[in-house]
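These numbers come from a predicted model, not from an experiment.
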Protein chains: 2
Amino acid sequence: MLTIGKLSVSTGVKVPTIRYYEQIGLLPEAERSAGNQRLYDRKALERLAFIRHARELGFSLEAIRDLLSLSDNPDQPCSAADAIARAQLIEVESRLARLAALKAELERMVVQCDGNRIADCRVIEVLGDHSLCITDHVTEDAIH
Amino acid sequence: MLTIGKLSVSTGVKVPTIRYYEQIGLLPEAERSAGNQRLYDRKALERLAFIRHARELGFSLEAIRDLLSLSDNPDQPCSAADAIARAQLIEVESRLARLAALKAELERMVVQCDGNRIADCRVIEVLGDHSLCITDHVTEDAIH
DNA sequence: TCTTGAAGCTATAGCAGCTAGAGACATTAA
DNA sequence: TTAATGTCTCTAGCTGCTATAGCTTCAAGA
């Protein structure tokens with residue numbers, strides 16, 4: 001049995017975050033020791049690893065909740081899990097494209113700014129003038 | 001003079017967000033009409049466009065606050081603005097790398113899942129088992 | 001065995017960056 | 001003139017944590 005601290009170390013999820021996941025029902029309520037401290041078994045560790053990994057891959061806690069409920073009853077077609085993964089993939093591809101444009105823009109900004117006064121510096125200008133933008137159609141989602 | 005609605009349309013920043021920016025001091029308090037409605041001039045529009053664009057490029061509101069204060073007194077060397085842009089560039093490059101790894105992983109997941117039962121489906125498995133991961137060192141920051 | 005320091009507990013509040021709702025007043029087009 | 005739309009303030013909510021305070025429990029060394 002693991003204490004919350006050991007679980008934290010072995011999954012890379014911070015202690016308050018583990019308690020938070022329990023609080024919002026993503027992890028079941030942990031067993032307690034005589035002194036009221038949480039105790040975790042291997043199953044809990046695996047579930048948390050699952051959550052951690054899914055978070056790293058960009059899944060929202062809600063999507064993870066869905067995936068977990070799928071994996072809790074594994075005798076169905078996996079099309080639902082697949083759909084979630086596909087949706088994530090589309091989202092990720094879009095983020096990638098926007099970030100690539102963003103990178104080009106920032107590189108241009110940095111190159112053009114080499115020690116002049118701000119009045120001559122295009123960092124500010126580029127940020128103020130949308131028409132100078134390399135990417136024509138950055139949408140609102142680009143904000144994330 | 002523009003109403004808040006027109007300003008919203010012409011910048012692509014939502015009305016409540018504009019009010020929020022005023023509230024946190026990113027935009028100065030707007031003039032008011034006789035009927036107490038906010039009115040904006042060209043300068044306000046430009047400032048908001050600046051903010052919008054910077055947000056799209058991934059700058060935090062704090063970084064934007066700094067940039068704005070720089071652009072408000074333009075008679076200094078622009079090294080500070082440059083430093084902010086450079087820091088953003090590094091951050092963006094790191095995000096790009098992580099997203100690329102993530103994309104590969106999701107593609108693998110989607111390919112392997114073609115209508116089987118969940119018990120045979122690797123979407124869940126891949127998410128649970130870190131050792132199956134293509135990226136060996138996804139850090140905690142990958143969560144964003 | 002005692003002690004001390006780390007680790008755990010609960011509860012509450014805070015963070016960024018918005019977004020949504022309620023209920024009242026202002027403006028505009030037909 | 002009337003109806004629809006826009007705007008106002010205020011408050012509360014959202015996601016996904018993170019931090020603080022003040023307490024208890026545990027483990028290891030002297």
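- Residues from residues 26-39 of chain A with heavy atoms under 4.0 angstrom of DNA chain D, sorted by number: S33(A), G35(A), Q37(A).
- Cluster partners of I90(A): none. The rule joins Ile, Leu, Val, Met, Phe, Trp and Tyr whenever side-chain heavy atoms lie under 4.5 Å apart, and it links nothing here.
- I51(A) has its CD1 atom 12 Å from the P atom of dG16(D), to the nearest Å.
- In this structure, R52(B) places its CZ atom 11 Å from P of dC18(C), rounding to the nearest Å.
- Phosphate contact (OP1/OP2 of dC18(C), side-chain N/O of Y21(B), threshold under 4.0 Å): present.
- Under 4.0 Å is where a charged nitrogen must lie from a carboxylate oxygen, and between R65(A) and E62(A) at least one such pair does.
- In terms of the side-chain contact (heavy atoms from CB on, under 4.5 Å) criterion, residue partners of T17(A) (sequence neighbours excluded) are, by chain and number, V13(A), K14(A), Y21(A).
- Note: CZ (R55(A)) to C1' (dT18(D)) measures 14 Å, nearest angstrom.
- Per the geometry, CD1 belonging to I24(B) stands 9 Å off P belonging to dA16(C), to the nearest Å.
- Regarding Y20(A), its OH atom lies at a distance of 16 Å from the C1' atom of dA11(C), rounded to whole Å.
- The phosphate of dT19(C) (OP1 or OP2) has no side-chain N or O of R19(B) nearer than 4.0 angstrom.
- Remark: T3(A) is not in phosphate contact with dA7(C), judged by side-chain N or O atoms under 4.0 Å from OP1 or OP2.
- Note: CD1 (I18(A)) to C1' (dC9(C)) measures 14 Å, nearest angstrom.
- Between the CE atom of M1(A) and the P atom of dA27(D) there is a distance of 14 Å, given to the nearest Å.
- Candidate nucleotides dC9(C), dT18(D), dC18(C) were compared by shortest atom distance to the side chain of I4(A), and dC9(C) ranks first.
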(request) Decide yes or no on side chain to side chain contact (heavy atoms under 4.5 Å, CB included) for Q23(B) and R19(B), but give the supporting numbers first. (result) CA-CA 6 Å; Q23(B) 188 192 311; R19(B) 290 198 276 246; over 6 Å; no
